[in-house]
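Reviewing the structure listed below.
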Protein chains: 2
Amino acid sequence: MSRRSYRQYCATAHALDIVGERWTLLLVRELLTGPRRFGDLLAGLPGMGTGLLAARLKFLTEEGIVEQVTLPAPANTPAYAVTEAGAALEAAVLALADWGMTWALDEREPGEVFRAGWTVLAMRSAFNAERAADLRAVYEFRIDDEVFHAAVVDGAIATVHGPAQRPDVVVATDGDTFRQILRGEPTTRGATVTGDSSLLARLPALFDWPEARERVSPARPRWR
Amino acid sequence: MSRRSYRQYCATAHALDIVGERWTLLLVRELLTGPRRFGDLLAGLPGMGTGLLAARLKFLTEEGIVEQVTLPAPANTPAYAVTEAGAALEAAVLALADWGMTWALDEREPGEVFRAGWTVLAMRSAFNAERAADLRAVYEFRIDDEVFHAAVVDGAIATVHGPAQRPDVVVATDGDTFRQILRGEPTTRGATVTGDSSLLARLPALFDWPEARERVSPARPRWR
DNA sequence: CCGGATCCGTAACGATACTG
DNA sequence: CAGTATCGTTACGGATCCGG
C-alpha cells in the first residue's frame with residue numbers, strides 16, 4: 001500500500017516512520033504489560049475505531065513490532081503481543097511518560113479516562129532499584145475492573161496485567177485510591193487488603209515519582 | 001481552536017497530546033542543537049509545508065515547549081528555541097533515536113535526505129562518558145553546508161550547531177565520510193583537517209554506536 | 001459475542017501561490 | 001526572509017455490517 005514516510009536518513013525519523021502515527025505508541029503501551037486481545041485493546045484505547053486498530057495491528061505485525069499469539073489454555077484465544085523489537089520500545093514510551101509526568105500531567109480533568117494499567121506501566125520508570133534491593137514480594141492489584149500484578153525481585157520490578165500466580169498481598173480498590181497508595185498519600189476511600197498488608201506500607205518507598213513542573217505559557221488552550 | 005486529544009489520564013497520552021502529531025518531535029529535534037530560524041527549520045524538515053510549520057511553532061509556543069528568541073548581534077534575526085520543558089524532551093527524542101538505530105535504520109536508501117545535524121544529535125546518546133573522562137577538546141565539523149561543534153569536557157559532551165569559538169580541531173568533509181570517521185571506519189574520500197589532528201583519532205572511541213538488529217518480518221513494505 | 005471489514009463525513013496534512 | 005491563504009489529498013473517527 002505504501003505509507004507516508006519522512007524520507008530522512010535519521011534514526012529518530014525512521015523510528016517515527018514506524019511508530020509515529022496516531023495511536024501507535026499508545027497501542028504499544030497497552031502491549032508492554034502483556035498480550036492483549038483485540039477487544040481489550042479497543043477498551044484501552046477509547047476513541048480509536050476498529051478499522052484503524054486492525055490496520056495498525058496489521059502494519060506493526062508486518063514491521064515485526066507485534067505478533068499474533070494464542071493465549072494458553074484454557075483461554076485459547078488469539079491475542080497480540082510485542083516482539084523483541086516491540087518490547088525495546090519500552091524505553092521510548094517510558095521516556096515520554098517521564099516527560100509527561102513532569103511537564104504535562106496535572107490533575108485529572110473531567111472527561112478524561114483513567115485505567116490502572118497506565119499507572120502500572122509508569123511504576124516501571126519510577127521504580128527505585130536501590131530501595132527495593134532487599135524486597136522480594138508479589139503484589140496483586142485489582143483496580144476497578146482491571147487486574148495487574150507486580151513482582152519485585154532482586155531490585156527489579158515486573159508489572160504485568162492479569163492475576164498473579166502466588167501473590168503475597170492482594171489489594172482491591174479504585175483508581176484514585178490506588179494512585180494515592182502508590183504515592184503514600186492518605187487514602188480517602190480505603191482498600192480491601194488480603195495477605196501480608198505490611199508489604200503495602202513499603203510500596204511508596206519503592207518509587208520516585210517525578211515532581212510536576214509548570215511550563216511557561218500561562219494560558220493553555222482547551223482540548224476537545 | 002481546540003485540538004484533538006486522547007483524553008486519557010496517562011502521562012504518555014498527555015505527552016503525545018502535545019508532541020505526538022506529525023513533524024512535532026522532528027521539529028523539537030532540530031531545536032535541540034540550538035536556536036533555528038524559520039527557514040533553517042524548513043530546510044531541516046523537507047516535505048513539511050510552511051503553513052504546517054507555522055502552526056506547529058505557534059502551538060508549541062503556546063504550550064511552553066518553544067519560545068521566540070532574537071539571535072545575538074550581528075544577526076539580530078528572530079529565531080525559535082526550546083524552553084526548559086522543550087529541552088527536557090531530549091531524553092524521549094534520544095530514546096526514539098536509540099530504538100531507531102538498533103531496529104529501524106539500515107543503509108541509506110536512495111531518495112533519503114541526510115543532514116549532519118541528525119548524527120550530531122545522535123552523538124549525545126552514543127557518547128561514552130567514561131572513555132572521555134580525560135579528554136578536553138572542542139571539535140568543529142563542517143559537513144556539506146552545515147557547521148556544528150562538539151565540546152567534550154569532564155566526561156560530558158555538548159553538541160551545538162554553528163561554528164565553535166575556539167576549536168582545537170576543524171574537520172571539513174561530506175556526510176558519509178563524517179559518519180565513517182565517527183565510527184572509526186576507513187574513509188573513502190578523506191577530509192580536510194585543521195588544528196590538532198590527533199584529536200580526530202580519539203573520536204571513534206568516544207561513542208558506542210548501537211548494533212543494528214533485524215526485526216522478524218522478512219518482507220517489509222515500501223515507503224512512498 | 002468477538003474480530004474484524006466497509007463506508008462516509010470530517011479534520012489534518014502537503015504543495016504551491018501569494019503578501020508584508 | 002517569514003510567514004498567510006488556498007486547495008486537493010490523505011488520514012482519522014464513528015457507525016454499520018458480516019462471518020465464525
Side-chain angles (χ1 to χ4, degrees), chain A residues 1-8 13 16-27 30-31 35-62 66-71 74-81 111 113 221-224, chain B residues 1-8 13 16-27 30-31 35-61 66-71 74-81 111 113 221 223-224:
Chain A
M1 274 287 116
S2 103
R3 294 158 42 82
R4 180 154 61 177
S5 163
Y6 290 114
R7 296 195 152 283
Q8 298 183 355
L16 291 173
D17 275 341
I18 296 175
V19 298
E21 291 179 282
R22 189 161 170 77
W23 293 110
T24 300
L25 279 177
L26 295 185
L27 170 52
E30 291 297 305
L31 296 177
R36 293 281 200 185
R37 301 191 306 172
F38 190 91
D40 299 331
L41 291 171
L42 265 187
L45 301 167
M48 190 180 197
T50 58
L52 191 53
L53 175 56
R56 289 282 186 276
L57 286 168
K58 183 179 177 218
F59 173 69
L60 291 175
T61 302
E62 290 169 354
V66 161
E67 63 185 344
Q68 272 191 283
V69 298
T70 302
L71 258 38
N76 242 50
T77 163
Y80 297 90
V113 179
R222 289 258 157 270
W223 303 106
R224 103 178 120 72
Chain B
M1 285 291 131
S2 107
R3 293 159 43 81
R4 182 154 58 177
S5 163
Y6 290 114
R7 295 195 152 282
Q8 299 182 356
L16 290 172
D17 275 341
I18 297 175
V19 298
E21 292 179 281
R22 188 160 171 78
W23 292 111
T24 300
L25 279 177
L26 295 185
L27 170 52
E30 291 297 305
L31 296 177
R36 294 280 200 186
R37 300 189 305 172
F38 191 91
D40 299 331
L41 291 171
L42 264 187
L45 302 167
M48 189 180 197
T50 57
L52 191 53
L53 175 56
R56 288 283 186 275
L57 286 169
K58 183 178 176 217
F59 173 69
L60 291 174
T61 301
V66 161
E67 63 185 345
Q68 272 191 285
V69 298
T70 302
L71 258 39
N76 242 52
T77 164
Y80 297 90
V113 179
W223 302 107
R224 102 176 120 73

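So that the names make sense, note that chain A is the first sequence line, chain B the second, and so on, each numbered from 1. Owing to the predicted nature of the structure, the values given are computational and were not obtained by experimental measurement.
- Contact of the B:R22 side chain with the B:M48 side chain is not registered, since no non-hydrogen atoms from C-beta on lie closer than 4.5 Å.
- Distance B:L45 CG to C:dG14 P: 11 Å, rounded to the nearest Å.
- At whole-Å resolution of the value, CG in B:L41 and C1' in D:dA2 are 11 Å apart.
- Heavy atoms only, all atoms of each residue included: B:R37 and B:P78 are closest at CG-O, 3.5 Å.
- Straight-line distance from the CG atom of B:L53 to the C1' atom of C:dC13: 13 Å, rounded to whole Å.
- The shortest distance between the side-chain N/O atoms of B:W23 and the OP1/OP2 oxygens of C:dA12 is not below 4.0 Å.
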Where do A:L27 and A:V66 land on the side-chain contact (heavy atoms from CB on, under 4.5 Å) test, with the steps shown first?
CA-CA 10 Å; A:L27 170 52; A:V66 161; 5.8 Å; no
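- In this structure, A:T61 contributes its side chain and A:L57 its backbone to a donor-acceptor pair below 3.5 Å.
- Rounded to whole angstrom, the span from the CZ atom of A:F59 across to the C1' atom of D:dA11 amounts to 14 Å.
- Side-chain proximity of B:A54 to the nucleotides C:dG14, D:dG13, D:dG3 is greatest for D:dG3.
- For the pair A:L42 CG and C:dG4 P, the computed distance is 10 Å after rounding to whole Å.
- Partner of A:Y6 under the side-chain contact (heavy atoms from CB on, under 4.5 Å) criterion, chosen from B:L26, B:V113, B:L45: B:L26.
- Nearest heavy-atom pair across B:Q8 and A:G44 is NE2-O, 3.6 Å.
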Within the sub-3.5 Å range, which N or O atoms of nucleotides 15-17 of chain C have a protein N or O partner, and how far apart are they?
residue: C:dA15; atom: OP2; partner: B:G47; partner atom: O; Å: 2.8
residue: C:dT16; atom: O4; partner: B:T50; partner atom: OG1; Å: 3.4

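- Across the protein-nucleic acid pair, B:R56 atom CZ and C:dG14 atom C1' stand 12 Å apart, rounded to whole Å.
- Closest approach of A:L52 and A:W23 over heavy atoms only: CD2-CD1, 3.6 Å.
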Give the intermediate values and the outcome of side-chain contact (heavy atoms from CB on, under 4.5 Å) for residues A:Y80 and A:L41.
CA-CA 9 Å; A:Y80 297 90; A:L41 291 171; 4.2 Å; yes
What does the list of N/O pairs under 3.5 Å between the protein and nucleotides 1-3 of chain C look like, with a distance for each?
residue: C:dG3; atom: OP2; partner: A:G39; partner atom: N; Å: 2.9

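- Between the C1' atom of C:dC13 and the CZ atom of B:R4 lies a distance of 11 Å, rounded to the nearest Å.
- In this entry the distance linking OH of B:Y6 with C1' of C:dA12 reads 13 Å, nearest Å.
- Listed pair A:R22 / D:dG13 meets the phosphate criterion, a side-chain N or O lying under 4.0 Å from OP1 or OP2.
- Nearest heavy-atom pair across A:A81 and A:V69 is CB-CG1, 4.0 Å.
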